[in-house]
Amino acid sequence: MANKSLVAEMLQVQLAIELIELGARLQVLETETDLSRGRLIKLYKEVKGMSPPKGMLPFSADWFITWMPNIHSSLFYNIYRRLHDELGCDRMSAFVKAYRLYLEQVELDGAEPTLGLTRAWTLVRFFESDLLQLSRCKGCHGDFVAHAHSPMHDYVCGICQPPSRAGKTRKAKAVAAAARTFIPVEMPRVRRLAV
Amino acid sequence: MHSNSLLDDIQDLNLSYLLLVQRLLNEDRESAMFRLDLNAGLADVIAGLSIKQLTQLSRTNQLLCNLRFTDADKLNLLIHNPRAQGLEQTHASLLMAGANRVPSSSQQRN
């Protein structure tokens, strides 16, 4: 620690702050930076104004396969893969950029960011440890997150063929009813046309 | 024969496009390459062009930038998917981000 470069440390602090702002849990920071736990907790309190939440991280790979989370995870992972595998971003900067691009798109769609930052990080780690794979939908040819070693053949995604109860929540019904009654005028023109 | 105003529009759009590319690249190179679907070589060349060169490039009766969807069936499916439940935009964005966006691109390392 004694002869560690100050610049390198500053970059680590910067990364940690960025991750905290985007909603990272402490475990993410501990794994991805060399900063001590004590400093991370202090940083977290300064940035968020509260103590970091305790408890285990979500650890189930099944979550990424359920309908809406799968669509969001697939969107995020497609972006991440492009930045990391093709455009030559290093792992963490690809991750942060991809997550920002994902949030941006979700906001444009007027949807909730179903995939939190910590989940997104777990997703990347699951891919790195070969728990998940991408399967190509035979309808739209998009790549979607699936369990590793599940059959690639004849895969159909959750948008081309949603499960029968998909999206039929009470909240979705309320939104649909509201949309029928009025279309806000202050919406940008492109989106008004898309309604 | 096309009216002059359409020609003007094309050239305006070309120039706006190139200026947008430069602005995006300046702000965040990799994210810009993702948004624009540009490779590193092209990104470097366009980023280095002077305003005069941009204007020269724009002065044509053809559009410089291309539609990202090259397959009519795919686009049709995307827009007319009766089961998409309001996810059309997310779907489009996912497909554009995917590795399969260019049919010829060598795919699948697994």
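In this text, all values refer to a predicted model and were calculated from it rather than measured experimentally. The sequence lines fix the lettering, A, B, ..., with proteins before strands; numbering per chain opens at 1.
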Taking atom CZ of Phe34(B) and atom CD of Glu86(A), what is their separation to the nearest 0.5 Å? 10.5 Å

Output for pair (Leu87(A) CG, Ser31(B) OG), nearest 0.5 Å, gives 9.0 Å

Residue selection (most heavy-atom pairs with chain A, distance under 4.5 Å) from Glu88(B), Met33(B), His91(B), Arg29(B): His91(B)

Salt bridge check: are Arg35(B) and Glu104(A) linked by an N-O gap of less than 4.0 Å? yes

At a heavy-atom separation under 4.5 Å, does Leu38(B) approach chain A through its side chain, its backbone, both, or neither? backbone

Around [X], counting heavy atoms of other residues, nucleotides and ligands shown, do more than 12 lie under 6.0 Å from its [atom1]?
X: Lys48(A); atom1: NZ; answer: yes
X: Glu27(B); atom1: CD; answer: no
X: Arg91(A); atom1: CZ; answer: yes

Same cluster or not: [X] versus [Y], using hydrophobic residues (I, L, V, M, F, W, Y) connected whenever any side-chain heavy atoms lie under 4.5 Å apart?
X: Leu57(A); Y: Phe127(A); answer: yes
X: Ile51(B); Y: Leu18(B); answer: yes
X: Leu11(A); Y: Val47(A); answer: no
X: Ile10(B); Y: Leu15(B); answer: no
X: Leu77(B); Y: Phe144(A); answer: no

Heavy-atom distance under 4.5 Å to chain B: side chain of [X], backbone, both or neither?
X: Tyr102(A); answer: neither
X: Ile159(A); answer: both
X: Leu101(A); answer: side chain
X: Cys160(A); answer: both

So [Y] and [X], do their side chains get closer than 4.5 Å, heavy atoms only?
X: Glu30(B); Y: Ser93(A); result: no
X: Met68(A); Y: Leu87(B); result: yes
X: Ile79(A); Y: Met96(B); result: no

State, to 0.1 Å, how close [X] and [Y] come at their nearest heavy-atom pair, and which atoms those are.
X: Gly98(B); Y: Asn78(A); answer: CA-OD1, 3.2 Å
X: Lys74(B); Y: Cys140(A); answer: CE-O, 3.5 Å
X: Ser93(B); Y: Leu75(A); answer: OG-CD1, 3.2 Å
X: Arg82(A); Y: Asp37(B); answer: NH2-OD1, 3.1 Å

Kindly give the cluster partners of Leu6(A), where membership spreads through any ILVMFWY side chain lying under 4.5 Å from a current member. none

Residues Asp28(B), Arg100(A); criterion salt bridge (charged side-chain N to carboxylate O under 4.0 Å, His left out); working and verdict: CA-CA 12 Å; Asp28(B) 179 341; Arg100(A) 286 192 192 282; over 6 Å; no

Partners of Tyr155(A) by ring pair (Phe, Tyr, Trp, His ring centres under 6.0 Å), sequence neighbours excluded? none

